[in-house]
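Note sheet for the following structure.
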Amino acid sequence: MISVNRYKRQLIFELRLRDTPPDEIGDALAQVESHVADTGEDPVDSFGPAREYATMFGRSDGAVRLWPRYVLNWLVGTLFGVVLILGISDQIRGEVGFWGFNPTIVIAIGAVGLIGHLATIYLIWAEKIRDPRKPH
Amino acid sequence: MNTPWPSDWLRGVLEPLVLAIICEGETYGYVVASRLADAGMGTVKGGTLYPILNRLEREGVLKSQWRQGEGGPGRKYYSLTEAGQARLNEQRMRWELFAERTSSLLRPNQEGS
C-alpha cells in the first residue's frame, strides 16, 4: 500500500508536468487526502496511478502543448553544462579557453548560467500550491 | 444480483445519479459514493467520481465549500446551483423517456418469444 503523502507527491509531479494551475492542484490533493481518510483505501486503488489520474485535470493537451518549453529547457541546460565542462577541462589541462577566454571566466559563465537556469525552473515549478482548506 | 454493471452503462447514468444524490442535501464525495453503492450501483471509485464532481463544478452545476473536520483532513461539501437543479430536472425527464423506450425494446415479445 502506498502512503497518501507519497501518492500526493507523485500527483503533484504529474500535474505540474501537465501545467495544471496551482489552485487546481491544491484542490485535487485535498480531495485525495479527504477521500482516503474516509475510506481507508489505498490511494492507487481509489484513484488509479497518479499519472493516469492526472490526465483528468488541466488541459487535455497539456503535456503535448508544453513540448517546446521542455526542448528549450533541455537546450539551455545542455549549453551551459557544456560550457562549464569545457572550462573545467581547459583549466585542468592549463590551456587557454575556447575563443581565447580565460578558463576561469568560462567556468564562471557555465556555472552561473547553469545555476540561474535551474533556479528559474525551480521558481516556475515552485509556484505556490494553495491548500483550499486553509484560510488565505 | 451482485454482478457489476457494465462500465458503459454507468458512465452514461452517473451524472444524473450524482446530481440526484446531491439534490437530497449538501454532501461530500465519500457519501455520494456510499449512496451509490447502497442503491445497488456498485463501487464507484474516487478516480471516477471526483472528475465528475470537478467537471460539474466547473460547469456551474455544483458549488462547493471546504470545511475542516474534527481531527480529519476536511471535506468538500457540494450543493446544487439553480443551473444544477434545472439540469437534474431535465435529465430526470429525459432518462424516464429513455428507460421506457429501452425497456420496451428489450422486453421479450409476448407473441414471438
Side-chain angles (χ1 to χ4, degrees), chain A residues 1-15 18-63 128-136, chain B residues 4 7-8 10-12 14-15 17-19 21-22 24-39 41-79 81 84:
Chain A
M1 179 170 171
I2 184 175
S3 76
V4 71
N5 284 335
R6 186 165 170 214
Y7 187 84
K8 280 166 62 185
R9 282 198 297 275
Q10 291 174 353
L11 191 57
I12 290 173
F13 178 77
E14 296 296 338
L15 291 172
R18 299 182 65 80
D19 209 20
T20 309
D23 282 358
E24 213 174 316
I25 296 178
D27 203 58
L29 297 175
Q31 277 180 336
V32 167
E33 205 174 320
S34 172
H35 188 79
V36 169
D38 276 329
T39 60
E41 288 175 350
D42 183 327
V44 177
D45 282 347
S46 289
F47 293 90
R51 177 173 289 184
E52 280 176 28
Y53 188 49
T55 61
M56 305 286 181
F57 294 86
R59 291 168 53 118
S60 59
D61 62 345
K128 192 145 180 68
I129 296 172
R130 192 178 65 77
D131 187 334
R133 297 163 295 183
K134 291 184 179 155
H136 53 280
Chain B
S7 55
D8 287 354
L10 276 177
R11 205 172 299 133
L14 263 182
E15 180 184 315
L17 291 179
V18 166
L19 290 177
I21 291 168
I22 295 174
E24 293 169 357
E26 195 183 35
T27 190
Y28 52 96
Y30 172 65
V31 172
V32 174
S34 301
R35 285 275 292 111
L36 287 166
D38 292 346
M41 302 310 296
T43 305
V44 177
K45 298 282 188 184
T48 304
L49 179 62
Y50 289 98
I52 293 174
L53 291 169
N54 292 339
R55 176 174 56 79
L56 292 173
E57 191 178 1
R58 268 199 314 276
E59 292 172 359
V61 174
L62 296 179
K63 56 186 175 185
S64 72
Q65 190 184 31
W66 276 100
R67 292 190 202 139
Q68 280 293 3
E70 284 177 23
R75 288 165 176 154
K76 190 177 189 182
Y77 282 80
Y78 296 91
S79 56
T81 61

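In what follows, chains carry the letters A, B, and so on, assigned in the order in which the sequence lines appear, proteins first and then strands, with residues in each chain numbered from 1. Note: hydrogens, waters and symmetry copies are ignored here, and every other heavy atom, side chains too, is used.
- Scanning all heavy atoms of the two residues, the minimum distance from A:A37 to B:P73 falls at CB-CG, 3.5 Å.
- One finds the NZ atom of B:K45 at 8.0 Å from the NE2 atom of A:H35 (value rounded to the nearest 0.5 Å).
- Residue B:R55 qualifies as enclosed at atom CZ: its count of foreign heavy atoms under 6.0 Å is above 12.
- Most heavy-atom pairs under 4.5 Å with chain A: of the set B:Q68, B:Q65, B:R67, B:R75, this distinction falls to B:R75.
- The distance from atom CE of A:M56 to atom OG1 of B:T48, rounded to the nearest 0.5 Å, is 7.0 Å.
- For the salt bridge (charged side-chain N to carboxylate O under 4.0 Å, His left out) test, residues two or more places apart in sequence or in another chain that qualify with A:E14 are A:R51.
- Using modelled atom types, one finds a donor on one side chain and an acceptor on the other under 3.5 Å when comparing B:W66 with A:D27.
- Inspection of non-hydrogen atoms places B:Y28, B:Y30 of residues 24-38 of chain B under 4.5 Å from chain A.
- B:P51 and A:Y53 make their closest contact through CG-CE1, 3.9 Å (heavy atoms, listed as atom of the first residue, atom of the second, distance).
- Contact detail for B:N54 and A:Q31: the closest heavy-atom pair is OD1-NE2, 3.0 Å.
- Neither the backbone nor the side chain of A:A28 has a heavy atom closer than 4.5 Å to any heavy atom of chain B.
- Within 6.0 Å of atom NZ in B:K63, 12 or fewer heavy atoms from other residues, nucleotides or ligands are found, so the atom counts as exposed in its surroundings.
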